[in-house]
Amino acid sequence: MTAGTPQGGGTGEEHGQGQGGTPVGGRLVRLLRRAAGLLRLTSLRLRLVVVFALVALTAAVSASGIAYWLNRNTVLDRTQNAALKDFRKSLEDNTRTLPLRPRCAELQDAARQMAAGPQNYTVLLIGVDREGKECAATTDKDLLTLAVVPQSLRNAVDQVRPVDENNHAAHHLYWQRKEVGDVPYLVAGAKVIGGGPTGYMMKSLSTERQDLTSLGWSLGIATALALVGSALLAQAAATTVLRPVQRLGFAARQLGEGRLDTRLRVTGSDELADLSRTFNRAAEQLQQRVEELSGREAASRRFVADMSHELRTPLTAITAVTEVLEEEADSLDPMIAPAVQLVVSETRRLNDLVENLMEVTRFDAGTARLVLDDVDVADQVTACIDARAWLDAVELDADRGTMARLDPRRLDVILANLIGNALKHGGSPVRVSVRTEPTEGAPEEAGAGSPDESAAGAPAGGELVIRVRDHGPGIPEEVLPHVFDRFYKASASRPRSEGSGLGLSIAQENAHIHGGRISAANDPEGGAVFTLRLPRDASRLADGDGPSTGGERPGDEGAEGRR
């Protein structure tokens with residue numbers, strides 16, 4: 001009887017147990033999940049390159065995976081089908097002439113004849129001889145023995161299946177792929193129907209593996225080339241897309257720096273061109289608006305300056321009259337005296353306001369100038385307090401000999417405003433302390449007031465720190481950011497106050513001209529603290545390296561301030 005042929009009938013069915021590969025889709029999904037974090041990169045160019053690369057990588061890996069899978073199945077199926085077909089035919093042809101119980105030599109001859117075919121596989125024939133002993137004939141004892149054949153394959157080959165209209169043979173040809181050492185093999189087996197021998201064959205698939213490995217390397221190289229090409233393409237596309245964006249960013253920076261005539265050259269009709277047109281329209285409207293506001297601001301400044309200048313002449317006459325009235329106050333009618341005192345005080349207040357307004361216009365116009373001199377800061381503070389009769393209300397903590405090169409008149413204005421503000425709105429006693437500190441980021445300087453410094457009569461480097469602290473209720477937290485604003489009033493229900501509302505603003509401007517600053521805070525123990533920080537030598541600023549300065553010297557602004 002022939003293999004897989006019941007009673008000389010049709011050919012039996014083939015059943016396979018192939019080893020499946022690792023799914024490419026799962027690896028690709030994990031790769032995409034890890035790469036998704038790269039999309040958070042801030043560079044638009046890099047994000048475009050990454051996106052292009054991911055798309056190209058996905059497409060290349062998918063195409064390569066599909067091509068490899070199809071070629072793998074085609075190569076293995078072709079080799080496998082040819083070997084199985086030859087094995088079935090050879091088993092049928094070479095066992096047809098064998099007796100029912102062949103001798104081992106006959107089985108060995110049949111196995112050699114089967115292995116001599118064009119498919120070059122190893123054959124194992126197992127039968128029972130006339131004495132009832134099992135005989136195993138193999139063409140390669142070192143490679144193919146019954147122990148090498150997988151047990152699952154042997155069980156399938158030995159299984160007897162019922163013959164019916166759907167199954168025409170009791171035994172079928174089964175196959176399985178396995179590795180022996182590092183070499184892949186195709187192992188197949190079938191039982192000759194009618195009590196004949198059982199045949200197994202083992203064919204090496206190393207050639208097919210080499211072919212598939214070469215194919216895999218080729219597809220990998222193609223994928224890498226596609227990835228590099230996509231990166232270059234993405235770079236070119238990003239350059240094309242980002243060049244207008246870069247020009248837009250550069251133009252926006254120029255616009256932010258005050259170059260309001262900045263415009264973009266518009267080419268094309270795509271979205272980027274529309275964005276450039278929108279930017280040009282916005283820049284044009286902004287330029288018109290700024291020019292309009294600048295004109296209004298200039299007109300306002302001219303109005304304030306002209307008004308202040310025009311008021312000085314009548315105010316001078318009114319001031320002279322009020323001084324005469326004040327001198328004759330004792331001889332006036334008691335019913336008229338209060339009115340005269342009110343006129344005198346309001347005239348002085350109006351005079352201070354006009355002077356402050358003129359000083360503010362000088363700051364706004366950039367015409368304020370530093371007139372520097374070497375001053376003893378402690379003496380300067382004492383003179384400021386003494387000139388305003390504040391000696392009884394102010395405590396001074398300052399070492400003699402603390403020299404600084406500053407504008408003494410402007411320092412007096414700053415001190416008068418800070419101390420006067422503390423006396424008006426804080427609580428006595430007001431404490432003024434003078435210290436020197438090294439400039440931030442600079443090495444420690446020699447101490448202030450040292451003999452060497454006093455002898456030289458010139459200030460050392462560093463920073464002058466003057467603190468003015470009162471013992472009042474302090475400044476409300478919501479008011480602190482606005483204490484240096486012009487005309488700011490902490491309470492809208494009290495629109496009128498003794499000061500002009502410009503004192504602290506003028507003090508801050510005078511500090512800025514020196515290259516310094518004033519800060520306001522509340523002391524943890526109670527009361528407000530104003531801290532003035534000035535460079536001990538403002539010569540660099542007076543020479544033109546600092547804030548814009550120049551112009552005339554105004555009069556004493558007075559001790560004005562408002563919370």
Side-chain angles (χ1 to χ4, degrees), residues 3-4 11 13-31 56-91 93 111-124 138-145 147-150 152-153 156-157 172-190 199-230:
T11 304
E13 302 175 0
E14 294 180 6
H15 296 266
Q17 300 176 358
Q19 295 177 346
T22 303
V24 179
R27 294 180 179 177
L28 185 59
V29 169
R30 290 193 297 270
L31 178 63
L57 182 63
T58 303
V61 169
S62 300
S64 299
I66 294 173
Y68 180 82
W69 186 261
L70 292 177
N71 281 275
R72 176 180 181 275
N73 289 340
T74 300
V75 170
L76 292 179
D77 288 345
R78 182 177 61 246
T79 302
Q80 172 183 292
N81 291 338
L84 293 178
K85 182 178 180 181
D86 183 81
F87 175 67
R88 179 192 291 112
K89 186 176 183 303
S90 180
L91 181 62
D93 293 342
R112 281 195 294 268
Q113 293 176 2
M114 292 176 62
Q119 292 298 322
N120 191 25
Y121 47 72
T122 305
V123 177
L124 171 65
T138 178
T139 58
D140 190 341
K141 296 180 181 180
D142 297 330
L143 178 63
L144 180 58
T145 61
V148 176
V149 179
S152 58
L153 181 61
V157 170
H172 296 270
L173 175 63
Y174 294 90
W175 60 271
Q176 182 175 344
R177 288 193 290 269
K178 67 169 293 185
E179 288 191 2
V180 178
D182 293 332
V183 182
Y185 285 93
L186 172 67
V187 183
Y200 294 98
M201 75 92 172
M202 195 170 180
K203 178 176 176 56
S204 172
L205 299 177
S206 58
T207 303
E208 286 73 16
R209 167 179 278 185
Q210 293 176 359
D211 293 340
L212 292 176
T213 301
S214 300
L215 176 62
W217 276 105
S218 300
L219 293 176
I221 294 173
T223 300
L225 292 177
L227 186 60
V228 173
S230 67

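Worth knowing before you read on, the calculation uses all heavy atoms, side chains too, and leaves out hydrogens, waters and symmetry mates.
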Legend entry - Test side chain to side chain contact (heavy atoms under 4.5 Å, CB included) applied to Leu144 and Val123, step by step: CA-CA 7 Å; Leu144 180 58; Val123 177; 5.6 Å; no
Do you know which two heavy atoms are closest between [X] and [Y], and how far apart they sit?
{"X": "Glu208", "Y": "Leu76", "result": "CB-CD2, 4.3 Å"}
{"X": "Ala115", "Y": "Tyr121", "result": "CB-O, 3.5 Å"}
{"X": "Ala111", "Y": "Thr139", "result": "O-CG2, 3.5 Å"}
{"X": "Ala188", "Y": "Leu173", "result": "CB-CD1, 4.4 Å"}
{"X": "Leu219", "Y": "Ser64", "result": "CD1-O, 3.3 Å"}

Under the side chain to side chain contact (heavy atoms under 4.5 Å, CB included) test, residues paired with [X] that sit two or more places apart:
{"X": "Asp211", "value": "Thr207"}
{"X": "Thr213", "value": "Arg209, Trp217"}
{"X": "Ala222", "value": "none"}
{"X": "Ala56", "value": "Ser230"}

Under the side chain to side chain donor-acceptor pair (under 3.5 Å) rule, collect the residues that match up with [X], sequence neighbours excluded.
{"X": "Thr145", "value": "none"}
{"X": "Tyr200", "value": "none"}
{"X": "Gln119", "value": "none"}
{"X": "Ser90", "value": "Asn94"}

Inset, instruction - Under the salt bridge (Lys or Arg N to Asp or Glu O under 4.0 Å) rule, collect the residues that match up with Arg78, sequence neighbours excluded. - result: none
Quick check for you: to the nearest 0.5 Å, what is the distance between [X] atom [atom1] and [Y] atom [atom2]?
{"X": "Asp77", "Y": "Gln80", "atom1": "CG", "atom2": "CD", "result": "6.0 Å"}
{"X": "Tyr185", "Y": "Glu179", "atom1": "OH", "atom2": "CD", "result": "10.5 Å"}
{"X": "Arg88", "Y": "His172", "atom1": "CZ", "atom2": "NE2", "result": "10.5 Å"}
{"X": "Leu215", "Y": "Gln210", "atom1": "CG", "atom2": "CD", "result": "13.5 Å"}
{"X": "Leu212", "Y": "Tyr68", "atom1": "CG", "atom2": "OH", "result": "5.0 Å"}

Legend entry - Met202/Val180 under side chain to side chain contact (heavy atoms under 4.5 Å, CB included): CA gap, chis, key distance, verdict: CA-CA 11 Å; Met202 195 170 180; Val180 178; 3.3 Å; yes
Is a side-chain N or O of [X] found less than 3.5 angstrom from the main chain of [Y], in a donor-acceptor match?
{"X": "Ser206", "Y": "Val183", "result": "no"}
{"X": "Lys203", "Y": "Leu84", "result": "no"}
{"X": "Asn71", "Y": "Ala67", "result": "yes"}
{"X": "Thr122", "Y": "Asp140", "result": "no"}

Inset, instruction - Begin from the C-alpha positions of Leu153 and Val187 and carry the test side chain to side chain contact (heavy atoms under 4.5 Å, CB included) through to its verdict. - result: CA-CA 9 Å; Leu153 181 61; Val187 183; 3.5 Å; yes
Legend entry - Side chain proximity check, Ser152 to Gln176, heavy atoms < 4.5 angstrom: yes
Inset, instruction - Take Met201 and Leu186 through the test side chain to side chain contact (heavy atoms under 4.5 Å, CB included) and record every step on the way to the result. - result: CA-CA 8 Å; Met201 75 92 172; Leu186 172 67; 3.9 Å; yes
